[in-house]
Amino acid sequence: MVLYSNRGDSLDQETEEENRAYAVRVGVYEPTKQTLLTSLPEKFSALAHLTAGIIGGAASSLIRVPTDVVKQRMQTGQFASAPNAVRLIIAKEGFKGLYANTKSMLVSI
């Protein structure tokens, strides 16, 4: 049962990651929505909400994607620690290696 030995720690880390991503999403969504609502005619309010949601989701992906890439690679046993994973991914693949699954994350927004 190696996969579940640190399940509590893993869930706590995922919750922290989700909280940070949520804070970024809301922190970007609200001001973007307000700007769009004041800039666009009232009949486009739904478009303002949709656009703000997309922009907020994309901003939160800037945090979620790298942490998800590191988590997935650690789960497969490629790395012993998160700092080690980040350092080696950047050394081997460049900074873009941390954003390897960006497309799948953006589709899930």
If I compare all heavy atoms of [X] with all of [Y], which pair ends up nearest, and what's the gap?
X: L62; Y: Y99; value: O-OH, 3.0 Å
X: A59; Y: V28; value: CB-CG2, 3.7 Å
X: G97; Y: R73; value: O-NH2, 4.1 Å
X: T67; Y: R64; value: OG1-O, 3.0 Å

- Query: Can you tell if the side chain of M74 reaches within under 4.5 Å of the side chain of V70, non-hydrogen atoms only?
  - Reply: yes

- Item | In one Ile/Leu/Val/Met/Phe/Trp/Tyr side-chain cluster, 4.5 Å: I55, V24 | yes

- Look at the side-chain heavy atoms of Ile, Leu, Val, Met, Phe, Trp and Tyr, link any pair under 4.5 Å apart, and say whether V69 and L88 land in one connected group. yes

- Task: From the options L98, V86, I90, I89, select the one residue that forms a side chain to side chain contact (heavy atoms under 4.5 Å, CB included) with P66.
- Result: L98

With a cut-off of 3.5 Å and sequence neighbours excluded, list every side-chain donor-acceptor pair involving residues 33-40.
{"from": "K33", "atom 1": "NZ", "to": "E30", "atom 2": "OE1", "distance (Å)": "3.2"}
{"from": "T35", "atom 1": "OG1", "to": "P31", "atom 2": "O", "distance (Å)": "2.9"}
{"from": "T38", "atom 1": "OG1", "to": "Q34", "atom 2": "O", "distance (Å)": "3.1"}
{"from": "T38", "atom 1": "OG1", "to": "T35", "atom 2": "O", "distance (Å)": "2.9"}
{"from": "S39", "atom 1": "OG", "to": "T35", "atom 2": "O", "distance (Å)": "2.7"}

- Task: To the nearest 0.5 Å, tell me how far Y29 OH sits from I54 CD1.
- Result: 11.0 Å

